[in-house]
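Scroll down for the structure; my scribbles are underneath it.
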Amino acid sequence: MSKRILTGLKPTGELTLGNYIGAILPFIEMQKDFDDVFLFVADLHALTVYQDPKVLRDRIKRFVAMYVACGVDPEKTTIYIQSENEYIPAISWILECNTYYGEASRMIQFKEKSKGKENFSVGLLTYPVLMATDILFCDADYVPVGEDQKQHVELTRDIAERFNRLYGETFKIPIPYITERGTKIKDLKDPTKKMSKSEENPNGVISMYDDKNTIIKKIKGATTDSDMTIKFDEEKKPGISNLLNIASVISGKSIEELEKEFADKNYGEFKSYVGEVTANRLEEIQKKYNDIIASGELDRILDKGAEKTRKLAKEKFQTVKEKVGTIR
Ligand code: TYM
């Protein structure tokens, strides 16, 4: 039986190397093995915090171009924009009514983002339910995400199981798919926290749009430790471990191979290597990105994606309405 995989990215900032390694690359790997694959721009999710409308509008399309430039095949993958599907928020409301406040408020991301703030949106709390809807409306089997999103996929499973118990079989229970390595790319300046699009200090974050010199400079400036050995140890050497993770995913070499190769080299030499391979990869991607933007293909891709996913979501919405009794 064919299995469906699905993932989404939120346009709250420019796509980062963390997104590329944690979500886009695993997705591309899976694209080869599965014949039913969905990838979308989670623009409704971005609205949980204020976004400049002009910037958001522009960024949504640029996200799609970047997916394709990274290797997502638009002939094989259904690519769409979340907000073009009006059935998703409609289903989400019904799922919100089947989610406990306690569950939602226990989400780590909610706790982190609301901490110390007096005024944050209700959407920040209900956001994982919208994410559950993204996954459940189309009966996705696997959801490739970085470690930080795993808890939300687990909540999705709980919501779906509860709904199925209460109203009868409606939703498929999804499985989070997390690759072993590279799923937690850390901030270069503070390697105890994740590399994030919304980070204010740009020196810790590699954007997918950074040019070669900037990338090399940022990696040169990455925080490391006072020890001299290039060894993987996330607790004691988070900075070096992060660079090993990045280098391993980009170069295709294992961490052990890299440790051996750099056994008698210093941090400067190692950083030059990581900077070089990363910058070369992003340079290739950026070339493709520019071609795609120039080709005018994006609207065709997105119209096709919207049509297909609206049909699926409409059917699921109808089923859910029947189950809960909100029909004439
Ligand atoms: P978002 O936009 O924060 O991140 C997109 C994807 O990138 C992964 N990621 C990382 N992986 C490794 N290292 C990092 N530093 C790093 N930063 C981000 C995230 O884990 C994620 O997989 N709520 C989601 C978007 C979403 C979604 C969905 C995902 C909405 N609906 C349904 C899957 C299925 C989000 O904010 O991801």
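Fair warning: this is a prediction, and the values are worked out from it, not measured in the lab.
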**Study point:** Tyr87 side chain vs Lys311 backbone, donor-acceptor pair below 3.5 Å
**Key:** no

Review point. Would Tyr273 and Phe262 count as a close aromatic pair, with their ring centres under 6.0 Å?
Key: yes

Point to revise | Centroid separation Phe317 to Phe137 less than 6.0 Å | key: no

Check your understanding: Hey, does the side chain of Thr48 reach the backbone of Leu124 with a donor-acceptor pair shorter than 3.5 angstrom?
Key -> no

Review point. Between Glu147 and Lys194, is the closest basic N to carboxylate O distance under 4.0 Å?
Key: no

Point to revise | Charged tip of Arg162 within 45° of Tyr100 ring normal and under 6.0 Å | key: yes

Check your understanding: Is there a donor-acceptor contact under 3.5 Å from the side chain of Tyr67 to the main chain of Phe40?
Key -> yes

Review point. Roughly how far apart are Ile240 CD1 and Asn245 CG, rounded to 0.5 Å?
Key: 12.0 Å

Practice item. Sort out for me which residue in Asp134, Thr309, Val41 forms a side chain to side chain contact (heavy atoms under 4.5 Å, CB included) with Gln82. Key: Asp134

Revision key, fill the gap. Rounded to the nearest 0.5 Å, the CG atom of Leu56 sits from the CG atom of Asp43 at a distance of 6.5 Å

Exercise for review: Look only at the side chain of Lys218 and the backbone of Val205, and say whether a donor-acceptor pair between them is shorter than 3.5 Å.
Suggested key: yes

Practice item. Would you mind telling me which of Asp73, Val68, Val37, Leu298 makes a side chain to side chain contact (heavy atoms under 4.5 Å, CB included) with Ile79? Key: Val68

Exercise for review: May I ask you to decide if Gly168's main-chain N or O and Thr170's side chain share a donor-acceptor pair within less than 3.5 Å?
Suggested key: yes

Practice item. Answer yes or no: are there more than 12 heavy-atom neighbours, outside Lys321 itself, under 6.0 Å from its atom NZ? Key: yes

Check your understanding: Quick one: does Asn164's side chain have a donor or acceptor within less than 3.5 Å of a partner on Phe171's backbone?
Key -> yes

Review point. Is the NZ or CZ atom of Arg62 positioned over Tyr209's six-membered ring, under 6.0 angstrom from the centre and within 45° of the axis?
Key: yes

Review point. When you check the gap from the basic side-chain N to the acidic O, do Glu283 and Lys288 get nearer than 4.0 Å?
Key: no

Point to revise | More than 12 heavy atoms of other groups within 6.0 Å of Glu307 CD | key: no

Check your understanding: Just how far is it from atom CG of Leu244 to atom CG of Leu258, taken to the nearest 0.5 Å?
Key -> 6.0 Å

Check your understanding: Does Lys260 reach the main-chain N or O of Ile255 with its side chain, forming a donor-acceptor pair under 3.5 Å?
Key -> no

Check your understanding: Can you check whether Phe110 and Phe120 have ring centres sitting under 6.0 Å from each other?
Key -> yes

Review point. Can a salt bridge be assigned to the pair Asp225 and Lys236 using a cut-off of 4.0 Å between side-chain N and carboxylate O?
Key: no

